[in-house]
Number of protein chains: 2
Amino acid sequence: MVVWMQIDYNILIAYGGIAKKFEKGEYVFVEDSMPHFYYQVIEGQVKVYYSNSDGRELTQGIFSRGQSFGEPPLILNKPYPNFAQALTQCVLIKLGKDNLFKILKDFPEMSHRLFLTFAERMYDMATFSAIMIKPRPQEKLELFLRSLRKEIYSEKRLLVPFTRQQIANFTGLRVETVIRELKKMSKENKVSIINKKLYY
Amino acid sequence: MVVWMQIDYNILIAYGGIAKKFEKGEYVFVEDSMPHFYYQVIEGQVKVYYSNSDGRELTQGIFSRGQSFGEPPLILNKPYPNFAQALTQCVLIKLGKDNLFKILKDFPEMSHRLFLTFAERMYDMATFSAIMIKPRPQEKLELFLRSLRKEIYSEKRLLVPFTRQQIANFTGLRVETVIRELKKMSKENKVSIINKKLYY
DNA sequence: CGCTCGTTTGAGAGGACTCAAGGTAGGTGG
DNA sequence: CCACCTACCTTGAGTCCTCTCAAACGAGCG
């Protein structure tokens, strides 16, 4: 299996990238801090999310092996609008901003790749915005579930690999609301709940 | 005054770009349709927004002279997740996808410019996500207002150039809620309302 | 003046959230 | 093998607060 990498590992190292280990729960960056590095995941998972004082959070994305995150603030030299936290023990490559720009200049194909990644990320964010505008929880959940299988054309209902709490964090709802609405949707046969596992 | 252009007018024309007029209210593209063109504003304003069945809408952005919009779906060849509508009478340049890619290949500086634009757009979208997660209207409004003056460091309160309805559309609230909350904030001296005009 | 568009106010209802508590499953250790 | 712990799921009752609906006001304009 070929592992897709945002920027080739060897290039990152050659240009001064350094691997750093993060413990589970450790923050890679926090809201309002200034960016200094480009981050790319070698191992583990990183969650990027917004949070508010109520302890509620909104997950922007979960990034794994090969993916990079937090580039826009770095490029624009603006403070991070969100948090990045290690979901599991992680190994990340850290690379200084100047070196990143050197790579993008020396390797047009990397530049192009990042460009496409940005387009995809924007498309995903747009889908999320569409979720947020829905006033009814059920509509939010339907849109979220549908967005999960964007690439998958299958007749069968597939297991949704998230806990109720994670779904709540993706949709901006509360856990209890997610549970109650999913139960309703199950009765209407819009989803299946078998042994507490959710299928859509 | 130098007008900033995403891609130089002359290049667009040379590569087959065509100017097209849109009447006020006319749609440039609609949700779920497939993209065929790159659009750049020559004159007028275009609003990009999501909408739901309730007639509520969420404004993603308002684009004017020199700005382009709707690129991610075009690049990814995916259906538009939102609507683009002429707010005023407009003139736009339409350019086929292949020709856009030719330009980006032939003019690395245009490519780089679009790259930076993407970074900015993503940053703005991230700020919006942060707005959406706030459960209280007042927090949403504060974040929105703060985001308006991101570049402007001024002591004085500045006129907010949006109607209550537009603010509602940006924050996902209803007009009445916006009005009531702004009134509260005015009492708390967080904003000024002078002669119905809003200052922040 | 009469139209349109934006703003404002009030009353009422719905529904998601809050809070509290209990259930279930999987993993760990004695 | 059982007791315990932790994480996740579930349920119920009650409150709060935004939304809904309806109506009216003000400004600008032909």
Side-chain angles (χ1 to χ4, degrees), chain A residues 24-25 45 47 51-59 85 87-88 131-144 159-187 191-200, chain B residues 24-25 45 47 51-59 62 85 87-88 131-144 159-188 191-200:
Chain A
K24 176 176 174 178
Q45 290 193 317
K47 176 173 70 173
S51 94
N52 70 359
S53 38
D54 296 18
R56 190 196 295 230
E57 64 173 70
L58 182 67
T59 307
Q85 188 182 27
L87 271 186
T88 62
I131 288 178
M132 300 316 295
I133 202 225
K134 304 292 179 189
R136 268 172 279 288
Q138 183 153 340
E139 291 181 89
K140 286 178 198 259
L141 289 169
E142 274 176 20
L143 241 174
F144 171 69
L159 177 67
V160 177
F162 295 108
T163 67
R164 311 287 194 259
Q165 181 62 61
Q166 285 175 316
I167 295 175
N169 289 344
F170 272 114
T171 53
L173 299 168
R174 300 254 92 161
V175 207
E176 298 94 329
T177 306
V178 170
I179 288 169
R180 289 189 251 256
E181 292 298 325
L182 285 178
K183 193 154 284 183
K184 272 191 220 163
M185 291 167 72
S186 164
K187 276 182 191 145
V191 299
S192 311
I193 300 178
I194 302 168
N195 197 8
K196 297 198 178 174
K197 299 207 177 302
L198 177 65
Y199 296 83
Y200 176 76
Chain B
K24 177 177 173 176
Q45 290 193 316
K47 175 172 72 174
S51 92
N52 69 0
S53 39
D54 295 18
R56 190 196 294 229
E57 64 173 69
L58 182 66
T59 307
I62 293 176
Q85 188 182 27
L87 270 187
T88 64
I131 288 178
M132 300 315 296
I133 202 228
K134 304 293 177 188
R136 269 172 279 288
Q138 182 152 338
E139 292 181 90
K140 286 178 197 261
L141 290 169
E142 274 176 21
L143 240 173
F144 170 70
L159 178 67
V160 177
F162 296 108
T163 68
R164 311 287 195 257
Q165 181 62 61
Q166 284 175 317
I167 296 174
N169 288 344
F170 272 115
T171 51
L173 299 167
R174 301 255 93 161
V175 207
E176 300 93 329
T177 306
V178 170
I179 288 168
R180 288 190 252 258
E181 292 297 325
L182 286 178
K183 193 153 284 183
K184 270 191 223 164
M185 289 167 73
S186 163
K187 277 182 191 144
E188 296 166 15
V191 299
S192 311
I193 299 177
I194 302 169
N195 197 8
K196 295 194 179 177
K197 297 204 177 304
L198 178 65
Y199 296 84
Y200 176 76

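Reckoned from all heavy atoms, side chains included, excluding hydrogens, waters and symmetry mates.
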When the distance from [atom1] of [X] to [atom2] of [N] is rounded to whole Å, what number comes out?
{"X": "B:Lys134", "N": "C:dA16", "atom1": "NZ", "atom2": "P", "answer": "22 Å"}
{"X": "B:Leu182", "N": "C:dT7", "atom1": "CG", "atom2": "P", "answer": "10 Å"}
{"X": "B:Arg164", "N": "C:dT8", "atom1": "CZ", "atom2": "C1'", "answer": "10 Å"}
{"X": "A:Leu87", "N": "D:dA7", "atom1": "CG", "atom2": "P", "answer": "14 Å"}
{"X": "A:Asn169", "N": "D:dC8", "atom1": "CG", "atom2": "P", "answer": "11 Å"}
{"X": "B:Ile194", "N": "C:dT7", "atom1": "CD1", "atom2": "C1'", "answer": "17 Å"}
{"X": "A:Ile179", "N": "C:dT18", "atom1": "CD1", "atom2": "P", "answer": "14 Å"}
{"X": "A:Lys197", "N": "D:dT10", "atom1": "NZ", "atom2": "P", "answer": "11 Å"}

### Task
Measure the acute angle between the ring planes of A:Phe170 and A:Phe144, then classify it against the limits of 30° and 60° as parallel, tilted or perpendicular.
parallel
### Query
Measuring from A:Asn169:CG to A:Thr163:OG1, what's the distance to the nearest 0.5 Å?
7.5 Å
### Task
Output the distance between atom CD (A:Glu142) and atom NZ (A:Lys134), rounded to the nearest 0.5 Å.
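One gets 9.5 Å once the value is rounded to the nearest 0.5 Å.
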### Summary
The contact string for nucleotides 12-30 of chain D, one letter per nucleotide 5' to 3', using protein heavy atoms under 4.0 Å with B, S and - for base, sugar-phosphate only and none, comes out as BB----SSBB----S----
### Task
Just do the side chain to side chain donor-acceptor pair (under 3.5 Å) check on A:Glu57 and A:Gln85 with the steps written out, would you?
CA-CA 12 Å; A:Glu57 64 173 70; A:Gln85 188 182 27; over 6 Å; no
### Query
Do you know the tightest heavy-atom contact between A:Val175 and A:Gln165?
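A:Val175 and A:Gln165 have their closest heavy atoms at CG2-OE1, 2.8 Å.
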### Query
Between A:Gln138, A:Lys140, A:Glu139, which is the residue that forms a side chain to side chain contact (heavy atoms under 4.5 Å, CB included) with A:Glu181?
A:Gln138
